[in-house]
Amino acid sequence: MDRKYLVVGAGFAGAVYARELAEAGARVDVIDSRDHTAGNAFDYLNEDNIRVHKYGPHIFHTSNERVFKWLSQYTEWVDYKHKVLALHTDGEYYTLPVNKETSMLVGEENVADIFFKPYTKKMWGISLEELNPKILERVPVRDDYNEYYFPDDTIQKMPKDGYTVLIDNILDHENISVRLKTPFSYDMEKEYTHTFNSMPIDEYYHFIFGELPYRSIKFQTVTLPQKNVFKTATTNFTTWEGPTRVTEWKNFPNHGNNPGFTTLTYEWPCDYKTNQKERYYPVKTTDGLSSAIYNKYTEIDNKRMTFIGRCGTYQYLDMHQVINQSLAGSKKYLKEIL
Ligand code: UDP
């Protein structure tokens, strides 16, 4: 195929598009403004030999066999079923998502006040009532005793050698070239048949319909001279102030072996404008304001470009959803042109 494509962003969305196009015989240039691949799934071994996910914990979970099968071409897996505990101000740990035991211990009538209102206010900077209720459907209250964070997903694993290696394996194809520290510029477009772009759609269009709001996170990472601090990989806090949660990296499987030290990352949510415009979470409110702005951008007729991924499509997507959408999108595109 004598076609050349530009993929903006070397995260999951970009990597999947690049690979599928390359497999179909096209040449693909992948650019990323950061100095590493893997987007927000980027992980690395720190100086204490502990694997840290630079942009917060990524836990692979899905019930989508197709996504799992596709990814399994590029990684081996280790089994891991995510558990989260909430450390309450009474000093006790409670299972999350709230299950029957949690409800019984704190009283059903107190569940929202303890586990949802403070966390949501810290996380989004708005009240529970203002937040699009779809977001809370991610952590539904259960009427059983299940203790897992993703109780309904049939496949739950971690890539054996981490996400960066997994994404580098996806990008490792003779038709794909990757250029890091290379931000998108408009003059690049004309050299390519089509561009698959994971940059923020509002930024691409110079914010003509207004800015799309995002939440960001400031990560505070500490290494302590202790074997272990918390019981689970993630611990959420029920306080109104301070960080939302902490990840103790060692508590994930294959995340380093260090009997004397443990690395912890605390998450402090903030507006993305106060964190060097690092966009992590699209902010969807009950008034539908941000979705209305996003829809305006999608109405622009742009046949030479497809927006992909969390920032390109302004969706709160998990990894398996990004991969699924990117597989479907690339297949559809290839079907149309071949
Ligand atoms: N949430 C909450 N309390 C918790 C955990 C989550 O109120 O202890 C709410 C909060 O609004 C959060 C949303 O549920 O933003 C989704 O949580 P999830 O753990 O899925 O967030 P992610 O891991 O994607 O940051």
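We count ligands from 1, going down the list as the structure has it; atoms in each ligand are counted the same way. The first residue of the sequence shown is numbered 1, and numbering continues consecutively from there.
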A.B. asks: Could you tell me how the ring of His88 sits relative to the ring of Phe115: parallel (under 30°), tilted (30 to 60°) or perpendicular (over 60°)?
C.D. replies: tilted

A.B. asks: Which option, Leu85, Asp318, Asn132, Asn236, owns the non-hydrogen atom nearest atom 4 (C) of ligand 1?
C.D. replies: Asn236

A.B. asks: Please work out which of Thr120, Leu128, Val139 has its closest non-hydrogen atom nearest to atom 11 (O) of ligand 1.
C.D. replies: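 Among Thr120, Leu128, Val139, the closest heavy atom to atom 11 (O) of ligand 1 belongs to Thr120.
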
A.B. asks: Of the protein's non-hydrogen atoms, which lies at the shortest distance from atom 13 (C) of ligand 1, and what is that distance?
C.D. replies: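 Atom 13 (C) of ligand 1 sits closest to the protein heavy atom Ile135 CG2, 3.8 Å.
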
A.B. asks: With a 4.5 Å heavy-atom cut-off, do Tyr272 and Lys277 have their side chains touching?
C.D. replies: yes

A.B. asks: Evaluate the ring planes of Tyr55 and His36, with Trp represented by its six-membered ring, and classify them as parallel (under 30°), tilted (30 to 60°) or perpendicular (over 60°).
C.D. replies: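 Geometry flag for His36 against Tyr55: tilted rings.
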
A.B. asks: Any nitrogen or oxygen of Leu96 lying under 3.5 Å from a nitrogen or oxygen in ligand 1? Just yes or no.
C.D. replies: no

A.B. asks: Relative to the heavy atoms of Leu136, which atoms of ligand 1 are at a distance of less than 4.0 Å?
C.D. replies: 9 (C), 11 (O), 14 (O)

A.B. asks: Is the closest side-chain donor-acceptor distance between Asn99 and Thr102 under 3.5 Å?
C.D. replies: yes

A.B. asks: N/O to N/O below 3.5 Å, does that happen between Tyr119 and ligand 1?
C.D. replies: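 Not met; the criterion fails.
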
A.B. asks: For ligand 1, is any non-hydrogen atom under 4.0 Å from Tyr281's backbone (N, CA, C, O), its side chain (CB onward), both, or neither?
C.D. replies: side chain

A.B. asks: So does Glu241 have more than 12 non-hydrogen atoms from other groups sitting under 6.0 Å from CD?
C.D. replies: no

A.B. asks: Under a 4.0 angstrom heavy-atom cut-off, which atoms of ligand 1 come close to Met123?
C.D. replies: 15 (O)

A.B. asks: If you have a sec, work out which protein heavy atom is nearest atom 20 (O) of ligand 1 and how many Å separate them, to one decimal?
C.D. replies: Arg138 NE, 2.8 Å

A.B. asks: Side chains of Asp287 and Thr285: do they bring a donor and an acceptor to under 3.5 Å?
C.D. replies: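 Distance-only check passes for Asp287 and Thr285.
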
A.B. asks: In plain terms, say whether Glu101 and Arg142 are close enough for a salt bridge, that is, a side-chain N and a carboxylate O under 4.0 Å apart.
C.D. replies: no

A.B. asks: Would you mind checking which non-hydrogen protein atom is closest to atom 24 (O) of ligand 1, with the distance to 0.1 Å?
C.D. replies: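 Minimum-distance protein heavy atom for atom 24 (O) of ligand 1 reads Tyr316 OH, 2.6 Å.
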
A.B. asks: Relative to Phe60, does Lys157 satisfy both conditions: NZ or CZ under 6.0 angstrom from the six-membered ring centre, and within 45 degrees of the ring's axis?
C.D. replies: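 No cation-pi geometry.
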
A.B. asks: How about Tyr17 and Tyr333: are their ring centroids closer than 6.0 Å?
C.D. replies: no

A.B. asks: Looking only at protein heavy atoms, identify the closest one to atom 3 (N) of ligand 1 and say how far it is in Å.
C.D. replies: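 That would be Phe115 O, 2.8 Å.
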
A.B. asks: Atoms of ligand 1 less than 4.0 Å from Tyr149 heavy atoms?
C.D. replies: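 Answer for ligand 1: 5 (C), 18 (P), 19 (O).
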
A.B. asks: Does at least one non-hydrogen atom of Arg245 fall below 4.0 angstrom from an atom of ligand 1?
C.D. replies: yes

